[in-house]
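What follows is one structure encoded as structure tokens, with my remarks underneath.
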Amino acid sequence: MTIRTELSIILPNRPGTLGEVTNALAKAKVNLLAIDASGGFEYNIVRIVPDKAAKARAVLRRKGLDVGETKVLCIPAQDKPGALAHIADALGGAKVNIDYLYATAGSPQSETLIIAHVSDARKAIKALR
């Protein structure tokens, strides 16, 4: 379990915009550990957890994008029934609020990575250990 930097940007909701951004990150050799793109009508909010936050931030700013930044908890979990329920119960029991979360794709043979923005990351880590 780690605390990482999540970067967020707002992109116009039209073909090619996400490709432009992800190609620029790939060219800079920034790996995306997780991504969430929440659609709207005219704009999308895109959240990324990059392996190199400073480099990713610089790439996004060079593309003229405003970049939001926050800390998120990256929780490895088995891809099986009840995994998220266990995490949610532990955090709820510790009175840690989950503001939002998203996850990477997994498979029964591998772990998934749950990205959570929580009210108290240190308290969350303690509850999940």
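All residue numbers in this chain count up from 1 along the given sequence.
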Heavy-atom closest contact (Leu60 atom, Val21 atom, distance) | CD2-CG1, 3.5 Å
Donor-acceptor contact present, side-chain Asn13 to main-chain Phe41, <3.5 Å | yes
Does Glu42 CD have over 12 foreign heavy atoms under 6.0 Å away?
-> no
Is a side-chain N or O of Asp51 found less than 3.5 angstrom from the main chain of Asn31, in a donor-acceptor match?
-> yes
Quick one: OG1 on Thr104 to CG on Asp36, what's the gap to the nearest 0.5 Å?
-> 12.0 Å
Report, as yes or no, whether the 6.0 Å neighbourhood of atom OH on Tyr43 holds more than 12 heavy atoms from other residues, nucleotides or ligands.
-> no
Under 4.5 Å between side-chain heavy atoms, hopping through other hydrophobics if needed: is there a path connecting Leu32 to Leu65?
-> yes
With Ile87 as reference, evaluate Leu101, Ile114, Ile98 under the side-chain contact (heavy atoms from CB on, under 4.5 Å) test and give the passing residue.
-> Ile114
In this structure, NZ of Lys71 is separated from CD1 of Ile3 (nearest 0.5 Å) by 8.5 Å
Is Thr112 reaching over with its side chain to a backbone N or O of Asp79, donor-acceptor style, under 3.5 angstrom?
-> no
Counting N and O atoms only, with roles assigned by atom type, does the side chain of Lys55 sit under 3.5 Å from a partner on the main chain of Lys29, one being a donor and the other an acceptor?
-> no
Side-chain heavy atoms under 4.5 angstrom apart, residues restricted to Ile, Leu, Val, Met, Phe, Trp, Tyr: same cluster for Leu18 and Ile48?
-> yes
Nearest-0.5 Å distance that lies between atom CD1 in Ile115 and atom CZ in Arg47 = 11.5 Å
Separation of Thr17 OG1 from Ile9 CD1 (nearest 0.5 Å) | 8.5 Å
Where do Arg4 and Pro50 come nearest, in terms of heavy atoms and distance?
-> NH1-O, 3.8 Å
Determine whether more than 12 heavy atoms belonging to other residues, nucleotides or ligands lie under 6.0 Å from atom CG of Asp66.
-> no
Heavy-atom count around Arg122 CZ within 6.0 Å, excluding the residue itself: above 12?
-> no
When rounded to the nearest 0.5 angstrom, what is the spacing between CG in Leu128 and NZ in Lys123?
-> 12.5 Å
Same hydrophobic cluster for Leu11 and Leu7, using side-chain heavy-atom links shorter than 4.5 Å among ILVMFWY?
-> yes
Honestly curious: do Val30 and Val49 fall in one hydrophobic cluster under the side-chain, below-4.5 Å linking rule?
-> no
In this structure, CD1 of Ile35 is separated from CD of Glu6 (nearest 0.5 Å) by 10.5 Å
Contact summary for Met1 and Leu73, nearest pair of heavy atoms | CG-CD1, 3.8 Å
Check each of Val72, Ile125, Val96, Asn97 against Val118 using the side-chain contact (heavy atoms from CB on, under 4.5 Å) test, and report the only one that passes.
-> Val96
Are Val67 and Val59 co-members of a hydrophobic cluster defined by side-chain heavy atoms under 4.5 Å apart?
-> yes
For Lys126, look at atom NZ and say whether over 12 heavy atoms of other residues, nucleotides or ligands are found less than 6.0 Å away.
-> no
